[in-house]
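All remarks here apply to the structure that follows.
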Protein chains: 4
Amino acid sequence: MCPIAKLVEAHKRERRKEARPGELLDAALELFVEKGFAATRAEEVAAHAGVSKGTLFLYFPSKEELFKAVVRENISGRFREWNEAFETFTGDSAAMLHYCLDTWWARVGSTPASGIIKLIISEARNFPDLARFYHEEVEVPGRQLIRRVLQRGVDRGEFRIPDIDHAVFALIAPMMFLIMMKHSLGACSPDSFSVDPQSYIRAQVDLLLSGLCVRKDAA
Amino acid sequence: MCPIAKLVEAHKRERRKEARPGELLDAALELFVEKGFAATRAEEVAAHAGVSKGTLFLYFPSKEELFKAVVRENISGRFREWNEAFETFTGDSAAMLHYCLDTWWARVGSTPASGIIKLIISEARNFPDLARFYHEEVEVPGRQLIRRVLQRGVDRGEFRIPDIDHAVFALIAPMMFLIMMKHSLGACSPDSFSVDPQSYIRAQVDLLLSGLCVRKDAA
Amino acid sequence: MCPIAKLVEAHKRERRKEARPGELLDAALELFVEKGFAATRAEEVAAHAGVSKGTLFLYFPSKEELFKAVVRENISGRFREWNEAFETFTGDSAAMLHYCLDTWWARVGSTPASGIIKLIISEARNFPDLARFYHEEVEVPGRQLIRRVLQRGVDRGEFRIPDIDHAVFALIAPMMFLIMMKHSLGACSPDSFSVDPQSYIRAQVDLLLSGLCVRKDAA
Amino acid sequence: MCPIAKLVEAHKRERRKEARPGELLDAALELFVEKGFAATRAEEVAAHAGVSKGTLFLYFPSKEELFKAVVRENISGRFREWNEAFETFTGDSAAMLHYCLDTWWARVGSTPASGIIKLIISEARNFPDLARFYHEEVEVPGRQLIRRVLQRGVDRGEFRIPDIDHAVFALIAPMMFLIMMKHSLGACSPDSFSVDPQSYIRAQVDLLLSGLCVRKDAA
DNA sequence: GATGAATGAGATTTCATTCAT
DNA sequence: GATGAATGAAATCTCATTCAT
């Protein structure tokens, strides 16, 4: 083999080596979300990543550590970036809510990382430290961001909200429901949730903004 | 032991004997919800029910059958009764929504049976036939009931709803979220969800009824 | 089956249950001595005891705990009894030495428990806490007992010993050598050590008592 | 790099290269003695020798072959040389015994090669052919040498020995005991054997020469 | 020659399930 | 019917060995 070919080959191998943990984490996320931690066999994860059992344990010392790495890997601290977006947004607060949830869908909800939510829900009681980690890294900053948007609406005279905490939940709950449908029930009985996610998100926000009750001012 | 005492003992025993399967189902529900199906050991279930491992397999041919029985047992077809309530309800539709969800909380949400929802979410992909069963026995009639209430509101000129399907989800999602908090994340980090469930339900319905946006008619 | 037969059977089973740990410990001692801890498979131990793999782990939580139990079981604190024998012995000290080592052979050296010494020698560095345990429970009291016999001989004007510590080793070393031959080299090449143990012990003690050098007083 | 430096490097490298198998054997001896054959990982041996796992298998086709090489390497046929020393020794036989054992300590006992004895003891039953090899190459000629010294003493009227075979063991046993202490129990609990080896050897020989019993001729 | 990523046979350990009592 | 000792299939994890680089 000529020297250049050797270099290329070496490079390939190195690239594969560096890619391995990521490939394993992707495979593990998919299978853990699908079957749960306990019901997923380590060998299956390896096979999905195209390697042998032994290779998995070359990169992760145990199945449990693999699980923790999956969670850590897929919980990104993107909230700094989103908080910055909050500062610079200039439209009205209704548009801002739509923008927030659309962005969430584009960056999280529609990606495999969304599975992490179903995973955490399913395994929280078995991995309480991961649940706390998720709470601190995702729930707290996520709710804080929504709360700031709602508060902005109130401050600008656009929203009237008796209790902001409950309103935060009113926005989060439909997103969680969407994720559950995507990764759990909806994946089994397709007629259980046959809605386009983006229309769903838009509709949920609109409903919450306008309310169900007829408005005399709308007449 | 005197003959009467013996009779009493025998009677107790018989009552216990007949109660066995129920006790096993209760114990299984609790543990499956807490740890998931795969991570729950059959012996633990038996111990929780106060019987031996062998006894469990006397009543249920396998752990999987036990699981299915747990699901079937806790998915009650209460919808006939609730549909009858619908026919006789006389108040306005907002009150009716509140009534529906309050009743759901009293009869399902606040009972151990609520765990079945978290359980189904977690295990749906491993037990697709159970997911379908749940879909048919719970989701479909449940959504249908909510839809009838909403339609009644529209028909009576109380509600204005662009798309009733989405509105149904807007009512269900907060209830699902409540259950998830109760049985998963909230059970780990208590500050994750420290709201009184009944206030939460009331607030969610009110929010959805009135919407977030200020109403000129409120003046 | 008639009730009495039932009782007998039940009794048998119970006896077997109580006998299990002992049978497993015996099998484990034999195999650990023969092949070492690491090279002995847990399943082999179980098979030697006439049970299945699973049964072993019913009685010992891990292979390592089995090993520790083997050592503890076979290190008997018989030294109290032997110290009492020391108090009541009336013969001369040469006879007393013979008596001590003969007794040791009858009670330990010739029994399977002697294997524990080879086992400890082989595994000490992998199980330092067991080595310490052996040191405290066997070496220290064993040497102390020998030392008392030698000191008695000196006090009674029978022995002349420049350094008692070294003399203690001079008695212990041939016994250790005997054990090593029995359980290791001698078990492989039979012509490596084809001596009758009891003659060997007697000869070693006599040699040490009389010394090799010619004695003018013997003339 | 200048051409001379290159040459030096190349030379060093070559020396290293040729030294590899020896370094591996040294590392292997140390680790096998410390932890036993089965509990020593091939990678550890390689790491101790400063090479990679792959390199070990470049020089030795398997871990087992490495083990055999370790044993063969450390069982030197020094007995021809020692037998020659026997022919030329002119002092009395007591001095000759001291000389023999001192020499053994200097050439074997105090060197890493002494570990081979503990290793053979521990692994004999797993590698019977090695045990036989050790028996033929070390035990037989070693005992033969000791026997010749003792016989010389008897022939010269210096020693009176009822059974020379037993007397041979009486000299070997304390040396084996010393080695066991050095490599096993003494390495764990240091207070188990806190004697200077050379004093120990001298004392053991002296004890055996003079015996424990008081001698009237000493007056 | 040297490396170390990858492999997979084999070991330990768990646990659903059986069945003699 | 009830028990729990026993089983062995299946899972996790280790590590000697290979081989592409």
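Since we're looking at a predicted model, the values are computed, not measured. Lettering of chains follows the sequences in order, A, B, ..., and the numbering in each one begins at 1.
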Spacing of C/F67 atom CZ relative to E/dA11 atom P, expressed in whole Å: 19 Å

Residue mapping more 5' on DNA chain F - nearest nucleotide basis, B/G54 or A/P61: B/G54

Among F/dT3, E/dT17, F/dA11, the one nearest B/F57 by side-chain distance: E/dT17

Minimum heavy-atom distance between B/A49 and B/A27, given as atom pair plus value: N-CB, 4.0 Å

Gap between atoms CG and C1', on D/L58 and F/dT18 respectively (whole Å): 12 Å

Under-4.0 Å side-chain N/O to phosphate OP1/OP2 contact, B/Y59 with F/dA2: yes

Nearest-neighbour nucleotide for the D/K63 side chain, F/dA5, F/dA16, E/dG1 considered: F/dA16

Closest heavy-atom pair and its distance - C/A38, D/A38: CB-CB, 3.5 Å

Shortest non-hydrogen contact between C/E65 and C/P61, atoms and distance: CG-CG, 3.7 Å

Ring geometry between D/F32 and D/F37 (parallel below 30°, tilted from 30 to 60°, perpendicular above 60°): tilted

Separation of E/dA11 P from C/L31 CG (nearest whole Å): 14 Å

C/T55 side-chain N/O to F/dT7 phosphate OP1/OP2 under 4.0 Å: yes

Nearest non-hydrogen partners of C/T40 and C/G36, listed with the distance: OG1-O, 2.6 Å

Atom-pair distance (CD on D/E65; C1' on F/dA16), nearest Å: 14 Å

Earlier contact from the 5' end, DNA chain E, for B/A39 and C/A38: C/A38

Whole angstrom value for the distance that separates P of E/dA9 from CD of A/E43: 10 Å

Partner nucleotide of E/dA20 by Watson-Crick or wobble geometry (both distances under 3.5 Å): F/dT3

Of A/L56 and B/E64, the one whose closest DNA chain E nucleotide lies more 5': A/L56

Distance in angstrom units between A/E44 CD and F/dA10 P, rounded: 14 Å

base_contact_polar (E/dG10 base, C/K53 side chain, donor-acceptor, <3.5 Å): no

Nearest-Å distance for atom pair CZ/C1', residues D/R41 and F/dT14: 8 Å

Nearest to side-chain heavy atoms of D/S52, which nucleotide of E/dG4, F/dT12, F/dT7: E/dG4

